[in-house]
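A short worksheet on the structure shown next.
None of the values given here were measured: they were computed from a predicted structure. Letters A, B, ... are given to chains in the order of the sequence lines, protein chains preceding strands, and every chain is numbered from 1.
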Protein chains: 2
Amino acid sequence: MQKVVVEIEKAAHVLKLLGDKTRLTIMAILKKRECCVCELLEVFDMSQPAISQHLRKLKDAGLVKEDRRGQWIYYSLNLENELYDFIQEILQHIPDQTENIRKIEETNPTLRCGC
Amino acid sequence: MQKVVVEIEKAAHVLKLLGDKTRLTIMAILKKRECCVCELLEVFDMSQPAISQHLRKLKDAGLVKEDRRGQWIYYSLNLENELYDFIQEILQHIPDQTENIRKIEETNPTLRCGC
DNA sequence: GATTTATATAAGTATATTGTTATATGCTTA
DNA sequence: TAAGCATATAACAATATACTTATATAAATC
């Protein structure tokens, strides 16, 4: 992978955002699968606003983007982020999220209404 | 570089530590050159205890180690850290610290006494 | 052994962070 | 247009963080 040098303030900001277990896990999940808030709720023992607030921070920093589809807002990694390669390299070291994704797909919150 | 998977809590802890501009800069400097506190003082606009406290956190997490030599305590990256490869990969993306190292060597705080 | 220098630790403070509950917004559907 | 679901935002509280100044400790030197 190409070595891209990143401004130190920007790097510190991204690292701080990833330096929270919940956000780091969210990022690792989104790497594999776009998700809406109600799906992420299955993974974390936390209120809906707490998840929304973490996603807000990630969105404000450009780490994720949102895509509204009807009632749901789907979050995914923002491939256009200036620091995307840097973030990807970090996420490569984070454990596989298959188990958490299983939790989401088992319950399948967005399927309750048959969408 | 080998891809080593790191426990998510440990990863988040390290990322949080690196998610501070001062500590990230310290780590990037130590990658190039061991330093004592009085040397790092040349780089940051901050009190001596502030630097010491950052180093303490890095040491507690095993990111750096210390080596007392007389009056001075030299800090360097802890090559034995379980997450060393992970940390190295992150530091590869951080800007070169030549300019800060120049600041240190220009003043050469540890040379005042001729050691 | 008193003084100086390097560093650590303690105590305090301002601010940031991360959660909570309550409420607002926005879309869908009856 | 009212009701219901998904999500966001507001307001607040507890805790964590990152500094500061004052002081303690440890080694070197006079």
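Taking NZ of Lys57(A) as the reference point, atom NE2 of His54(A) lies at 7.0 Å (rounded to 0.5 Å). Separation of atoms CG (Asn81(A)) and CG (Leu83(A)) is listed at 5.5 Å; rounding is to 0.5 Å. To the nearest 0.5 Å, the span separating SG on Cys35(B) from CG on Leu55(B) amounts to 9.5 Å.
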Report each atom pair, protein N/O against N/O of nucleotides 14-16 of chain C, whose distance is under 3.5 angstrom.
none

Nucleotides 9-11 of chain D: which of its N/O atoms have a protein N/O under 3.5 Å away?
from	atom 1	to	atom 2	distance (Å)
dT9(D)	OP2	Arg56(A)	NE	2.9
dA10(D)	N6	Gln53(A)	NE2	3.4

Polar-atom pairs under 3.5 Å, protein N or O versus N or O of nucleotides 1-4 of chain C: list them with distances, or write none.
none

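Taking the side chain as every heavy atom from C-beta outward, Glu34(A) and Tyr75(A) never approach each other to under 4.5 Å. Put simply, the side chain of Lys59(B) reaches to within 4.5 Å of the side chain of Glu66(B), judged on heavy atoms. For the pair Ile87(B)/Leu63(B), a side-chain contact is recorded, criterion being any heavy-atom separation below 4.5 Å from C-beta on. Side chains of His93(A) and Glu89(B) form a contact here, defined as non-hydrogen atoms less than 4.5 Å apart. Val64(A) places none of its side-chain heavy atoms less than 4.5 Å from the side chain of Ser76(A). Side-chain contact between Val37(A) and Trp72(A): absent, with no pair of heavy atoms (C-beta onward) separated by less than 4.5 Å.
Surrounding CG of Asp60(A) are more than 12 heavy atoms belonging to other residues, nucleotides or ligands, all under 6.0 Å away.
Across the protein-nucleic acid pair, Leu58(B) atom CG and dT17(D) atom P stand 13 Å apart, rounded to whole Å. Between the P atom of dC27(C) and the CD atom of Glu66(A) lies a distance of 12 Å, rounded to the nearest Å. As rounded to whole Å, 16 Å separates atom P of dA6(D) from atom CZ of Arg69(A). In this structure, Leu41(B) places its CG atom 15 Å from P of dT5(C), rounding to the nearest Å. Note: CD1 (Ile73(B)) to P (dA6(C)) measures 12 Å, nearest angstrom. Between the P atom of dA8(C) and the OH atom of Tyr74(B) lies a distance of 13 Å, rounded to the nearest Å. With rounding to whole Å, Leu17(B) atom CG is found 15 Å from dA16(D) atom P. What separates CD1 of Ile51(B) from P of dT9(C) is a distance of 15 Å, to the nearest Å.
The side chain to side chain contact (heavy atoms under 4.5 Å, CB included) check on Asn100(B) picks up Thr25(B), Ile29(B), Val43(B), Gln97(B), Lys103(B), with sequence neighbours excluded.
Two residues, Arg68(A) and Met46(B), neighbour DNA chain D, and the one matched to the more 5' nucleotide by heavy-atom proximity is Arg68(A). Comparing Gly70(A) and Lys57(A) along DNA chain C, the residue whose closest nucleotide (by nearest heavy atom) sits nearer the 5' end is Lys57(A).
Listed by residue number, Thr22(B), Arg23(B) are the residues of residues 22-32 of chain B with a heavy-atom contact under 4.0 Å to DNA chain D.
Ion pairing between Arg102(B) and Glu105(B) fails under the 4.0 Å rule for side-chain N and carboxylate O.
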Please output the side-chain donor-acceptor pairs of residues 4-19 of chain B that fall under 3.5 Å, not counting sequence neighbours, one pair per line with the distance.
from	atom 1	to	atom 2	distance (Å)
Glu9(B)	OE2	Lys21(A)	NZ	2.8
Lys10(B)	NZ	Glu82(B)	OE1	3.2
Lys10(B)	NZ	Glu82(B)	OE2	3.1

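Within the 4.0 Å cut-off from OP1 or OP2 of dT17(C), not a single side-chain nitrogen or oxygen of His54(A) is found. When the side-chain nitrogen and oxygen atoms of Ser47(A) are compared with OP1 and OP2 of dT20(C), one or more of them lie within a distance under 4.0 Å.
With 3.5 Å as the limit, one finds a donor-acceptor pair spanning the side chains of Gln88(B) and Tyr84(B).
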